[in-house]
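Read the structure below first, then the notes.
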Amino acid sequence: MELLGKTALITGSTSGIGYAIANKLANEGVNIFLNSFTDNPEDYKLAADLSLKHSISAKYICADLRIASQSRKLVAETKHIDILVNNAGIQYVSSIESLPSEKWDDMIAVMLSAVFHTTAVALPMMKRAKWGRIINISSAHGLVASPQKAGYVAAKHGVVGLTKVTALETAEDAITVNAVCPGFTETPLLTKQIPSLMKQYSMTKKELIDNVLMERQPSKKFVTSEQISGLVKFLCSKDADQITGSAISIDGGWTAL
Ligand code: NAD
């Protein structure tokens with residue numbers, strides 16, 4: 001329980017990978033700030049459930065990470081965090097010619113600019129505490145590209161670069177900064193894309209998963225949110241003190257292809 005009593009903010013954590021990371025860290029005795037932009041009663045209930053289940057403090061803070069001032073206010077409102085997991089993400093599948101410019105702006109704002117803003121506010125907190133962990137959830141698409149995903153791929157590559165700069169600027173401060181690059185993981189972000197992909201490829205769901213998605217992922221298995229949260233927990237541990245500035249793949253071999 002080396003993380004007992006530390007505090008983590010996980011952005012975009014009312015669903016999928018973010019909620020799994022929150023659970024994993026809470027299980028280690030870490031106090032949790034959950035975030036999304038929805039502000040539903042269920043969001044506050046998720047925090048209350050987490051608190052009860054793990055006997056830790058858990059709070060929900062609503063902030064729309066498309067807006068710079070809200071990204072900065074989100075971190076400022078916590079007063080102090082030891083661990084920042086930049087996880088919020090969105091997807092819009094389209095060719096470059098048809099991609100609406102506001103969708104491009106949203107993807108860059110949520111998955112790249114927000115990471116810059118939350119990091120800028122969190123770093124002084126971590127420097128004061130002389131310890132910190134920043135984990136940016138990038139993607140296999142932070143290392144390689146796919147057609148129809150210009151905004152997503154650009155943001156995810158950008159966040160790998162930002163991770164390296166942040167790691168260099170904090171290398172002597174007992175703060176580590178890494179990017180995690182998952183392959184396909186069954187969460188709402190992925191499952192929402194399946195109906196339009198089924199139409200595009202004229203395939204059943206099973207055919208699409210076996211022949212299109214798993215063609216990219218040599219293990220032929222989805223990565224699980226549990227596996228990603230296990231990697232995040234490891235990156236927060238003492239054993240990971242010297243891992244900084246890395247982009248760590250967890251993708252069933254996708255980027256080895
Ligand atoms: P998800 O859709 O389940 O969760 C996304 C979260 O981000 C939600 O809590 C949502 O409310 C939040 N969010 C979206 N827009 C926001 C905004 N404007 N402000 C604040 N919060 C916002 O998705 P997921 O699959 O769990 O994705 C988590 C991260 O993992 C994302 O960065 C995604 O790009 C990355 N990722 C996912 C996969 C995959 O296959 N699912 C693969 C690689 C990387």
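All ligand and atom numbering here is 1-based and tracks the order in the structure.
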Numbered in order shown, the ligand 1 atoms found under 4.0 Å of a heavy atom of Phe184 are 40 (O)
Next item on the list: Would you verify that at least one protein heavy atom lies under 4.0 Å from atom 33 (C) of ligand 1, or report that none does?
Entry: yes
Next on the checklist: Between Thr118 and Asn86, is there a side-chain donor-acceptor contact under 3.5 Å, judged purely by atom types and distance?
Outcome noted: yes
For Gly183, the atoms of ligand 1 under 4.0 Å from one of its heavy atoms are 40 (O), 42 (C), 43 (C)
The complete set of side chain to side chain donor-acceptor pair (under 3.5 Å) pairs with one or both residues in residues 51-60, sequence neighbours excluded, reads Asn23-Lys53, Asn23-His54, Ser36-Tyr60, Asp43-Tyr60
of all protein heavy atoms, closest to atom 40 (O) of ligand 1 is Thr185 N, 2.8 Å
Inset, instruction - Verify the cluster assignment for Ile61 and Val110: are they in a single hydrophobic cluster under the rule of side-chain heavy atoms below 4.5 Å apart? - result: no
Inset, instruction - Consider ligand 1: state whether an atom of it lies below 4.0 angstrom from any non-hydrogen atom of Ala63. - result: yes
| query | Side chains of Thr163 and Thr166: do they bring a donor and an acceptor to under 3.5 Å? | reply | no
Just wondering, do Lys205 and Ile194 contact through their side chains at under 4.5 Å, heavy atoms? yes
- Would Trp104 and Tyr92 count as a close aromatic pair, with their ring centres under 6.0 Å? no
Test salt bridge (charged side-chain N to carboxylate O under 4.0 Å, His left out) on Lys24 and Glu226 and set out the steps.
CA-CA 8 Å; Lys24 182 68 89 183; Glu226 180 64 20; 2.6 Å; yes
So for Ile90 against ligand 1, with non-hydrogen atoms under 4.0 Å, the contacting part is side chain
Contact between ligand 1 and Tyr152 is defined here as a heavy atom of the residue under 4.0 Å from a ligand atom; is it met? yes
for atom 26 (O) of ligand 1, nearest protein heavy atom and its distance come out as Ile17 N, 2.8 Å
closest protein heavy atom to atom 11 (O) of ligand 1 is Ser36 CB, 3.5 Å
Among Gly12, Gly89, Gly18, closest by heavy atom to atom 8 (C) of ligand 1 is Gly12
With a 4.0 Å cut-off on heavy atoms, is Lys156 in contact with ligand 1?
yes
Short version for Cys181: what comes under 4.0 Å of ligand 1, heavy atoms counted, is neither
Quick note on ligand 1: atoms under 4.0 Å from a heavy atom of Thr14 include exactly 9 (O), 11 (O)
Query - Contact check, Ser138 vs ligand 1, heavy-atom distance below 4.0 Å - result: yes
